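Report on one structure; see the data block that follows.
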2 protein chains.
Amino acid sequence: MNKCDQCIVRQLSSLKALNKEEIIKLANSKTTYKVKKGEALFEEGEVTNGVFCVKDGVGKLSKLSANGKDQIVKLVKSGELLGQRSMISNEPANLTAKAIADMEVCFIPKTEIINFFNSNNQFSLNMMQSVCEDLKESENEKIALVQKTVKQRLAETLLHLHSEFGEDADKTLKVQLTREELAGIIGTATESCIRLLSDFNKLGLIELVGKKIMLKDVRSLKKLADN
Amino acid sequence: MNKCDQCIVRQLSSLKALNKEEIIKLANSKTTYKVKKGEALFEEGEVTNGVFCVKDGVGKLSKLSANGKDQIVKLVKSGELLGQRSMISNEPANLTAKAIADMEVCFIPKTEIINFFNSNNQFSLNMMQSVCEDLKESENEKIALVQKTVKQRLAETLLHLHSEFGEDADKTLKVQLTREELAGIIGTATESCIRLLSDFNKLGLIELVGKKIMLKDVRSLKKLADN
DNA sequence: TTATTAAGATGATAATTGTCATGTTTCATT
DNA sequence: AATGAAACATGACAATTATCATCTTAATAA
């Protein structure tokens, strides 16, 4: 009996294709550690040489621009893998990965993953599909970024955060992003983001509970987002 | 001796990992045909059930938005594969593929590709790396779309088209896009695109030779693009 | 607790970009 | 060569969004 067997990442990610033997190998080669909110798992340009399993917490993949703004490309939650692309491409990381909420992660060295690729076809296929999924999402977001207004993108992002991460007991969004981070996802200035949140609040679409956000009128938000 | 053996796609794409036997199988299962400029290879939502090899010509992957604008996600040139993502994900096409210049393509059925996946690990890995490459590009373009102005994106795109597709004997860009298509790549209104081309022309960065574009000051364009 | 800093909020204004209208050029077709 | 359609071009104007300044509130450290 070992821990990886019951791990959420094993259940949700490409790793689900691994058999018992392989899971044992995995358990022996992995290293587990914690990453505090705000800390980086890896930075752009770094050679990671492996894959990270997110057991708990939330992370963001982002890139710093010349003007100092941090564009967030993707949020990662527990059960997902991180750093697959760089590993497969044999390249240093293209993005920086930071914890948005305290994280617990396992690191699997590249050599081990390559072994799995060679011994387990379904695992390869899963990994491929996962990258394909990321690609599709990235392309669709790229389109949304150009074809929708900031207002629409904000509505869309709020809905996405809601369905992806759920809500707390007080009905507010579980992922707690700063306004700056939220602006970094939708690709706008922090002030514009704040202003629109304020507008949404006045319109009764959302409610601002301190720094937290509660979705109040999902239907109208949806209508706003995709029209 | 068969045609696939010498094909440019075989030399440049993931297919380079295939051995002689596999190439023969490939040659027997593929179908070749032509696609005229403006015609579609496949449309969004269509189930393609295979992969397309681009032997000659240029294609665009795009998505039509609600307001009737066609956002171009990627250009494809000879030597590249098309439709890998949908095939791997088992999903209908997310984008529409159309010919920008008369194309000659081969269609490889999915069953054949799956066989190669199972028999040839390097082929799987190549395919994975190719999707990863697309993902990286897509993410970087997504960032550029938000963090750069339309002017910067136009400069960047012109340089990209130049390095990717080269120039004709008269020094103008080889890919001939309409202003509307160019606008669709950089994600702006056609009029804005035309206006900026006109500005670039006046500034001596480019020269407009009828509908064709000649890059005249690559250095300044570069400076403009990434600052 | 107080001081200090970071995050959030809002107004005023400027810059960028989109939209609509209209005219010109180019190209294909009869 | 005449016609019509599509592509290109440009002006005028409106809408969106960014930037700068300032203020309030919340969080953190001394």
Side-chain angles (χ1 to χ4, degrees), chain A residues 36-38 65-71 100-101 144-158 172-173 175-203 206-214 224-225 227, chain B residues 36-38 65-71 98 100-101 144-158 172-173 175-203 206-214 224 227:
Chain A
K36 286 237 169 65
K37 179 175 172 174
S65 73
N67 60 35
K69 273 188 195 163
D70 202 39
Q71 170 70 18
I100 276 184
L145 230 31
V146 182
Q147 298 187 333
K148 298 192 173 183
T149 63
V150 173
K151 194 187 287 183
Q152 290 181 304
R153 269 143 52 198
L154 176 58
E156 193 172 57
T157 300
L158 290 175
T172 61
L173 288 182
V175 256
Q176 215 179 324
L177 300 165
T178 62
R179 306 293 194 250
E180 193 180 356
E181 284 169 332
L182 191 53
I185 293 177
I186 65 180
T188 189
T190 307
E191 295 95 323
S192 300
C193 177
I194 290 175
R195 229 181 288 273
L196 285 172
L197 282 175
S198 184
D199 291 350
F200 282 9
N201 189 16
K202 277 168 200 152
L203 289 169
I206 63 173
E207 191 180 323
L208 298 176
V209 185
K211 301 190 173 183
K212 305 202 74 190
I213 300 167
M214 184 196 303
L224 210 172
N227 166 31
Chain B
K36 285 239 169 62
K37 179 175 174 174
S65 74
N67 60 35
K69 272 188 198 164
D70 201 40
Q71 170 71 17
K98 278 191 179 155
I100 278 186
L145 274 179
V146 182
Q147 298 188 334
K148 298 191 174 185
T149 63
V150 174
K151 194 187 288 184
Q152 290 181 305
R153 270 144 49 200
L154 175 58
E156 193 172 57
T157 301
L158 290 174
T172 61
L173 288 182
V175 257
Q176 215 178 324
L177 301 165
T178 63
R179 306 293 193 249
E180 193 179 358
E181 284 169 332
L182 191 53
I185 294 178
I186 65 181
T188 189
T190 307
E191 297 93 325
S192 299
C193 177
I194 290 175
R195 230 181 287 274
L196 285 172
L197 282 174
S198 186
D199 290 351
F200 282 10
N201 189 15
K202 278 168 201 152
L203 290 168
I206 63 173
E207 192 179 322
L208 298 176
V209 184
K211 300 190 174 185
K212 306 203 73 190
I213 299 167
M214 184 196 302
L224 210 172
N227 165 35

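Here is the naming used below: chain letters follow the sequence lines, and residue numbers restart at 1 for every chain. None of these values were measured; they are calculated from a predicted model.
Considering only heavy atoms from C-beta on, I213(B) comes within 4.5 Å of R179(B) through its side chain. L154(B) places a side-chain heavy atom less than 4.5 Å from the side chain of L182(B). Side-chain contact between T188(A) and L196(A): absent, with no pair of heavy atoms (C-beta onward) separated by less than 4.5 Å. Inter-residue side-chain proximity for F200(A) and L224(A) is flagged as met; some heavy-atom pair is nearer than 4.5 Å. Side-chain contact between T190(B) and T178(B) is absent, with no heavy-atom pair separated by less than 4.5 Å.
For DNA chain D, the neighbouring residues in residues 183-195 of chain A, judged by any heavy atom under 4.0 Å, are T188(A), A189(A), E191(A), S192(A), R195(A).
Put simply, the side chain of K148(A) gets close to the backbone of A225(A): a donor and an acceptor are under 3.5 Å apart. Between the side chain of R153(B) and the backbone N or O of I186(B) there is at least one donor-acceptor pair closer than 3.5 Å.
I100(A) and K37(A) get closest at one heavy-atom pair: O-CG, 3.2 Å.
Protein chain A contacts DNA chain D over a range whose 5' and 3' limits, counting nucleotides with an atom under 4.0 angstrom from a non-hydrogen atom, are dT17(D) to dA27(D). Of all nucleotides in DNA chain C, those with any atom nearer than 4.0 Å to a heavy atom of chain A start and finish, going 5' to 3', at dA7(C) to dA12(C).
Ranked by how close their nearest DNA chain D nucleotide is to the 5' end, R179(B) and K69(A) are led by R179(B).
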